[in-house]
Amino acid sequence: VQLQASGGGLVQAGGSLRLSCVLSGDTFSGYAMGWFRQTPGKEREFVSAISWSGGSTDYEDSVKGRFTISRDNAKNTVYLQMNSLKPEDTAVYYCAADRRSYSEDYTTNMDFKYDYWGQGTQVTVSS
């Protein structure tokens, strides 16, 4: 399984970006997906997650109301729409995949639960 994240970049505070992550090598609908972020010297932190069906989502408190996670199982892709960006959102963003059975239609915010990780995409928000 491989995950390819894209969509990062440099944006001014208040702007928007949409991150994408494509899963290849397995059936995408067999995975719950998550986004995490990390800045130098800090631990990786949970941002958002979505269940395999898309019916359940979760967000870290600081991004609630600004970020939206979604998925398109036909395109093997998970998205993170980021609006009203703040300088403190600056980080490398990683997508991750958590292998699930179809009866396990829920999310997790624990990074050790995820089986596969993408390479990361840099998001920089200038003030």
Side-chain angles (χ1 to χ4, degrees):
V1 172
Q2 291 189 325
L3 298 173
Q4 181 68 46
S6 62
L10 173 64
V11 64
Q12 289 188 332
S16 298
L17 285 173
R18 188 176 81 156
L19 305 184
S20 300
C21 176
V22 179
L23 185 147
S24 61
D26 202 351
T27 304
F28 182 63
S29 61
Y31 293 85
M33 300 297 294
W35 288 96
F36 292 78
R37 65 188 179 186
Q38 190 170 24
T39 55
K42 293 187 177 181
E43 291 188 357
R44 184 167 55 197
E45 68 169 351
F46 170 75
V47 176
S48 184
I50 188 167
S51 63
W52 71 262
S53 72
S56 179
T57 59
D58 190 21
Y59 298 91
E60 192 268 331
D61 285 346
S62 70
V63 308
K64 285 180 181 177
R66 300 188 298 122
F67 290 11
T68 303
I69 192 170
S70 61
R71 64 188 295 155
D72 185 337
N73 286 350
K75 294 183 178 180
N76 292 0
T77 303
V78 61
Y79 305 97
L80 185 68
Q81 178 67 44
M82 306 186 295
N83 298 330
S84 302
L85 282 161
K86 303 176 181 181
E88 50 264 43
D89 294 318
T90 295
V92 177
Y93 283 71
Y94 298 90
C95 62
D98 175 15
R99 191 71 172 93
R100 294 287 179 83
S101 68
Y102 290 125
S103 63
E104 298 174 305
D105 195 24
Y106 55 83
T107 63
T108 180
N109 60 7
M110 294 177 284
D111 60 359
F112 65 86
K113 292 283 190 179
Y114 287 82
D115 303 297
Y116 302 100
W117 292 83
Q119 85 287 3
T121 184
Q122 175 72 47
V123 171
T124 303
V125 184
S126 64
S127 58

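Along the sequence shown, the residues carry numbers beginning at 1.
Looking only at atom types and distance, the side chain of Thr108 has no donor-acceptor partner in the side chain of Tyr114 under 3.5 Å away.
One hydrophobic cluster, built from ILVMFWY side chains closer than 4.5 Å, cannot hold both Phe36 and Leu19; they sit in different ones. Phe46 and Val63 are assigned to two separate hydrophobic clusters, defined by single-linkage of ILVMFWY side chains at heavy-atom distances under 4.5 Å. The same ILVMFWY cluster, assembled from side-chain heavy atoms under 4.5 Å apart, contains both Val125 and Trp35. Cluster membership for Val22 and Val123, using ILVMFWY side-chain heavy atoms within less than 4.5 angstrom, is not shared.
At least one side-chain heavy atom of Arg99 sits under 4.5 Å from a side-chain heavy atom of Asp26. By the 4.5 Å heavy-atom criterion applied to side chains, Val78 and Tyr31 are not counted as neighbours. No side-chain heavy atom of Glu60 sits under 4.5 Å from any side-chain heavy atom of Asn109. Counting heavy atoms from C-beta on, the side chains of Ser51 and Thr107 come closer than 4.5 Å. Within the 4.5 Å cutoff, no side-chain heavy atoms of Val11 are placed close to those of Met82. Residues Tyr94 and Asp111 form no side-chain contact, since every pair of their non-hydrogen atoms from C-beta on lies 4.5 Å or further apart. A heavy-atom distance below 4.5 Å is found between the side chains of Trp117 and Arg44.
Note that the CZ atom of Arg71 and the SG atom of Cys21 stand 10.0 Å from one another [nearest 0.5 Å]. The distance from atom CD of Gln81 to atom CZ of Arg18, rounded to the nearest 0.5 Å, is 7.0 Å. Atoms CG and OG, on Asn76 and Ser24 in that order, are 8.0 Å from each other to the nearest 0.5 Å. Gln12 CD to Leu85 CG: the interatomic distance, rounded to the nearest 0.5 Å, is 11.5 Å. Note: Ser16 OG to Phe67 CZ = 9.5 Å, rounded to the nearest 0.5 Å. In this structure, Tyr79 OH and Cys95 SG are separated by 12.5 Å, a value rounded to the nearest 0.5 Å.
A salt bridge links Lys64 with Asp61: the distance from a Lys NZ or Arg NE/NH1/NH2 to an Asp or Glu carboxylate oxygen falls below 4.0 Å.
In this structure, Ser48 and Asp58 approach most closely via the heavy-atom pair OG-O, 2.9 Å. Closest approach of Thr121 to Gly8, counting heavy atoms only: OG1-N, 3.1 Å. Among all heavy-atom pairs drawn from Asp72 and Phe28, the shortest one is O-CE2, 3.9 Å. When all heavy atoms of Met33 and Ile69 are compared, the pair lying nearest together is O-CD1, 4.2 Å.
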* To do: Please test Gln122 against Thr124 for side-chain hydrogen bond (donor to acceptor under 3.5 Å, both in side chains), starting from the C-alpha separation and ending with a verdict.
  => CA-CA 6 Å; Gln122 175 72 47; Thr124 303; 3.3 Å; yes

* To do: Applying side-chain contact (heavy atoms from CB on, under 4.5 Å), run through Asp98 and Asp115 and close with a yes or a no.
  => CA-CA 5 Å; Asp98 175 15; Asp115 303 297; 3.6 Å; yes

* To do: Verify side-chain contact (heavy atoms from CB on, under 4.5 Å) between Val1 and Leu23, making sure each step is shown before the conclusion.
  => CA-CA 7 Å; Val1 172; Leu23 185 147; 3.9 Å; yes

* Mind running side-chain hydrogen bond (donor to acceptor under 3.5 Å, both in side chains) on Ser53 and Tyr102 for me, showing each step along the way? => CA-CA 8 Å; Ser53 72; Tyr102 290 125; over 6 Å; no

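Counting only distance, with no hydrogens or angles, the side chain of Gln38 and the backbone of Ala91 share no donor-acceptor pair below 3.5 Å.
Both the sub-6.0 Å distance and the 45° axial angle are satisfied by Arg100 relative to the ring of Tyr106.
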